[in-house]
Amino acid sequence: MEKRRSDCPALPPGWKKEEVIRKSGLSAGKSDVYYYSPSGKKFRSKPQLVRFLGNAVDLSYFDFRTGKTIAGKHKGKSRQRHEPHSKSGKPDLNTALPIRQTASIFKQPVTKVTGHPGNKVKSDQQRAMEQPRQLFWEKRLKGLRSSDVTEESLRAMDLPQGLHCIGPDPSEDCLLWAIASALHLSSAPISGQSTSAEKNPGVWINASQPPCRSFSVTEQHIREQELVVDRARRSLEEALTADTLARIAQTKRETGVKERRTR
DNA sequence: GCCACCGGTGGC
DNA sequence: GCCACCGGTGGC
């Protein structure tokens, strides 16, 4: 069956197109077209693609079925630039800038710099695909601590030795949040920043990686983490046992009191 | 619970 | 009447 994924030149590198022929039912013989992002996410309509790619790629003249840009109407320059609305009249949902994450109660959109007069803007497909995001957002968590019910500060987790934070605020706790967040937001491996990001983080930082020097996880790290987990499990086990014993003792005391009263 | 697959339909 | 889009669901 026709089910091979092929490259799609009209989309950024890494995107694949697939055409699946319907095998049965009233619509047998007809086909469905799907696209796959470089990370493997499946798309089954043009609106879905537009929502995902936002301003990064102009899909106005993209034909979803063929996977080609409609001939003669090549990627125009001015279109869409300052148009928050698509030609359908509906708002283009992905053009909204993210809200700056700050302690201020006022919502402040992130400033989008689209180019300075006289500067040549290099196009970088990989970067163009990313949605705008606030850089160094970890800073806003500085000084905040989680605490238990008695408002006693909880000790933060220790990061393995040898992780070097880069950026405007090279403190260790920021790095912990950044790594935790990166692990949640992406299924890709967490490996740190490139060497160019280290030299000029403001320009070269990769927002999907935590702001730290490139690193690799060794067998030694894995073993150390296994030990940490093992210790945590043991202390949890002890706590649970102690709790169960305390409950048993408590119910014994209570039933004892009742018995004495009924006598 | 996920997702491949087909049906239904609104907009043209 | 066609078909892009998306809802629903059966099979896993």
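All values reported here derive from a predicted model rather than from experimental measurement. Order of the sequence lines fixes the chain letters, A, B, ..., with proteins taken first and strands second; residue numbering starts at 1 for each chain.
- Straight-line distance from the CZ atom of A/F43 to the P atom of B/dC5: 19 Å, rounded to whole Å.
- Sorted by first and then second residue, the pairs that involve residues 27-45 of chain A and meet salt bridge (charged side-chain N to carboxylate O under 4.0 Å, His left out), not counting sequence neighbours, are A/R22-A/D32.
- Residues forming a side-chain hydrogen bond (donor to acceptor under 3.5 Å, both in side chains) with A/Q193 (at least two apart in sequence, or on another chain): none.
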Side-chain donor-acceptor pairs of residues 224-233 of chain A under 3.5 Å, sequence neighbours excluded:
| residue | atom | partner | partner atom | Å |
| --- | --- | --- | --- | --- |
| A/E224 | OE2 | A/Q220 | NE2 | 3.1 |
| A/D230 | OD2 | A/R234 | NE | 3.3 |
| A/D230 | OD2 | A/R234 | NH2 | 3.4 |

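- If you chain together ILVMFWY residues whose side-chain heavy atoms come under 4.5 Å of each other, A/L240 ends up grouped with A/L236.
- Atom pair A/E19:CD and B/dC5:P shows a separation of 13 Å (rounding to whole Å applied).
- Taking the side chain to side chain contact (heavy atoms under 4.5 Å, CB included) definition, one finds that A/E238 meets it with nothing, sequence neighbours left out.
- We find that CZ of A/R65 is positioned 8 Å from C1' of C/dA4, with the value rounded to whole Å.
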Base versus backbone protein contacts along nucleotides 6-12 of chain B [heavy-atom cut-off under 4.0 Å; B, S, -]: BB-----
